[in-house]
Number of protein chains: 2
Amino acid sequence: MNAIIDSFDAIDKSAPQPLYQQIKNTIHRKIKSSEWKSGQKLPSENELVAALQVSRMTIHRALRELTQEGLIKRVHGIGSFVADAPRHASLIELRDIAAEVTESGKQHSSRVLALNTKLADEAIARSMQVARGTSLYFLNAVHYQDDIPIQLEARYVNPELVPNFLQQDFSVTTSTSFLLSQFRPQEMEHIVRAIMPDTRTCTKLRIEPGEPCLQLSRRTWSNNQVVTHVTMTYPSSRYDLGARYAVNDFQMRQ
Amino acid sequence: MNAIIDSFDAIDKSAPQPLYQQIKNTIHRKIKSSEWKSGQKLPSENELVAALQVSRMTIHRALRELTQEGLIKRVHGIGSFVADAPRHASLIELRDIAAEVTESGKQHSSRVLALNTKLADEAIARSMQVARGTSLYFLNAVHYQDDIPIQLEARYVNPELVPNFLQQDFSVTTSTSFLLSQFRPQEMEHIVRAIMPDTRTCTKLRIEPGEPCLQLSRRTWSNNQVVTHVTMTYPSSRYDLGARYAVNDFQMRQ
DNA sequence: GTAACATACTTGTCTATACAAGTATAGCGG
DNA sequence: CCGCTATACTTGTATAGACAAGTATGTTAC
């Protein structure tokens with residue numbers, strides 16, 4: 001147990017990041033790297049207090065939020081345990097598809113089909129919260145898992161907020177990770193639809209006409225402005241979205 | 001302001017429910033009933049402390065969790081505000097479809113197509129975490145919004161946990177609200193897929209063959225046992241799923 | 001042997017206090 | 001009129017301490 005706790009020395013009380021967040025990150029890392037395996041018992045709150053020299057409320061907040069996010073399970077009177085790993089791509093987490101693919105042991109690659117400027121039509125203008133006719137940056141790319149297309153990405157970006165977007169090489173870095181490095185999103189909106197792809201989409205994703213697709217649209221805000229609106233299309237045969245949660249009272253409330 | 005705060009008198013320090021939860025519920029109710037309207041400023045933490053006679057940390061926890069759930073927005077140094085109402089059915093909230101429909105001003109009705117006992121095949125047994133061949137309760141129902149089918153529900157229920165399931169009249173009460181009244185779910189799993197409905201499903205939902213559907217599968221646990229596994233099929237033309245969140249650091253983490 | 005009890009340890013909640021940091025505003029000096 | 005500063009108020013984080021309540025285990029009484 002000592003060895004486990006000792007490696008917590010990453011906690012830095014003078015860091016700009018809050019303590020509870022540093023603790024969450026550390027535990028998250030330990031679980032994702034399988035240093036702490038599924039079902040394993042975590043150190044108790046009091047043990048963590050002693051090891052990290054922070055107050056119990058700070059530890060408690062970190063563990064409570066990790067529970068709410070489904071990463072650990074806690075049993076009153078017993079202890080805290082690493083939760084079972086979810087088997088599906090997360091629905092609400094803002095994950096980079098490249099990281100998601102490589103994490104599952106597959107090879108990720110992507111091909112940029114378009115990277116240019118487009119004028120906003122009525123619908124795009126409304127969703128990006130700009131005037132009609134505003135020029136926006138546009139990216140169209142296909143993502144592959146072991147050379148099989150799994151996602152078609154169509155992304156609009158506000159050029160005022162990300163002026164250097166067109167200069168990036170999105171066959172190397174994904175747009176998600178680039179934007180995450182530039183922005184700290186403060187709000188997100190997700191909409192999921194089932195669609196029947198048109199023939200061009202079928203070609204790009206190399207699927208038969210008649211196969212339905214899952215379409216996930218995400219808008220991201222920073223400082224009350226829409227930074228980007230991305231529509232991701234997944235062949236339903238190759239991908240599904242899911243999430244497993246601990247339930248809190250809000251989710252049950254009528 | 002006094003009138004607003006005065007009506008908080010529902011807080012009961014000797015109630016079994018935690019104080020922060022009572023506060024969350026009260027605020028939730030005020031927002032959902034439009035007593036507090038979108039964009040309106042909430043009383044400050046200190047005002048709530050004075051009005052409710054609880055400590056600021058308790059108020060703060062309630063407001064923080066409401067923020068995380070997207071019901072309110074908070075601005076450092078400014079105050080707390082009622083968030084804009086989301087325009088879509090929530091993805092993760094366990095909502096009753098009847099409540100959702102009636103809340104939008106439409107008429108909900110439902111028709112039970114089957115309510116019986118089925119033996120678990122391999123797939124169902126695995127998802128319900130029971131032995132193959134175990135008998136399970138099964139419900140098949142269609143939900144209508146103003147007489148237009150919007151959801152096909154196929155639900156398996158563990159009969160050991162809900163022995164009186166078959167005795168219910170699910171044309172009056174929805175299965176969701178009945179199960180919620182019997183159980184406090186502790187964990188949920190959601191999986192979203194795009195599917196092409198078979199002809200029987202098309203008939204039940206009164207859609208043209210060739211229209212894709214969104215399929216949301218949900219498993220609910222209580223005491224580490226699967227209580228129910230429901231598959232809900234929505235015609236994509238009549239429904240989409242969405243959610244808008246405040247982003248916390250977890251969702252951004254790579 | 002078994003049931004009841006005491007104990008120790010766990011998580012859950014709540015309080016009172018403190019300080020940090022972001023924002024708006026009033027007032028002052030130029 | 002403009003810009004600076006003091007201030008008051010807001011939310012965000014962290015602490016130390018307390019009690020409640022759930023669980024497991026060992027001990028005692030019968």
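Just so we're on the same page: letters track the sequence lines, and every chain starts at 1. These figures come from a predicted structure and were not determined experimentally. The figures here come from the full heavy-atom set of this structure, side chains too, leaving out hydrogens, waters and symmetry mates.
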(request) Please figure out whether A:G77 or A:S55 has its closest DNA chain D nucleotide nearer the 5' end. (result) A:S55
(message) Quick check for you: name the first and last nucleotides of DNA chain C, 5' to 3', having an atom under 4.0 Å from a heavy atom of chain A.
(response) C:dT10 to C:dC14
(request) For B:R56, enumerate each residue passing the side chain to side chain contact (heavy atoms under 4.5 Å, CB included) test, keeping only those at least two apart in sequence or located in another chain. (result) B:E45, B:N46, B:V49, B:H60
(request) Return the set of residues passing side chain to side chain contact (heavy atoms under 4.5 Å, CB included) with A:S34 (not counting sequence neighbours), or none when no residue passes. (result) none
(message) With a 4.0 Å limit, can you tell me whether B:S80 has a side-chain N or O closer than that to the phosphate oxygens OP1/OP2 of D:dT11?
(response) yes
(message) Both A:T58 and A:V75 contact DNA chain D. Taking the nearest nucleotide for each, which residue is further toward the 5' end?
(response) A:T58
(request) To the nearest Å, give me how far apart CG (A:L19) and P (D:dA16) are. (result) 12 Å
(message) Which residue in the set B:L42, B:L71, B:L66 passes side chain to side chain contact (heavy atoms under 4.5 Å, CB included) when paired with B:V82?
(response) B:L42
(request) Calculate the interatomic distance between B:H76 atom NE2 and D:dT13 atom P; express it in whole Å. (result) 8 Å
(message) Please report the distance, rounded to the nearest Å, between CG in B:L66 and P in D:dT11.
(response) 13 Å
(request) Could you pick out which residue, A:E45 or B:R56, lies toward the 5' side of DNA chain C when each is mapped onto its nearest nucleotide? (result) A:E45
(request) With sequence neighbours excluded, tell me which residues meet ring pair (Phe, Tyr, Trp, His ring centres under 6.0 Å) with A:Y137. (result) none
(request) Using a cut-off of strictly less than 4.0 Å, decide whether B:K73 has a side-chain nitrogen or oxygen near OP1 or OP2 of D:dT11. (result) no
(message) Using whole Å, what does the distance between atom C1' of nucleotide D:dA16 and atom CD1 of A:I59 come to?
(response) 14 Å
(message) Nearest to the side chain of A:I78, heavy atoms from C-beta on, is which of D:dA14, D:dT15, D:dA24?
(response) D:dA24
(message) Test of understanding: with side chain to side chain contact (heavy atoms under 4.5 Å, CB included), list the residues that count as partners of A:N164, not counting sequence neighbours.
(response) A:V162, A:Q167, A:Q168, A:F178, A:Q182
(request) Output all residues satisfying side-chain hydrogen bond (donor to acceptor under 3.5 Å, both in side chains) with A:T174, sequence neighbours left out; order by chain, then residue number. (result) A:D96, A:S177
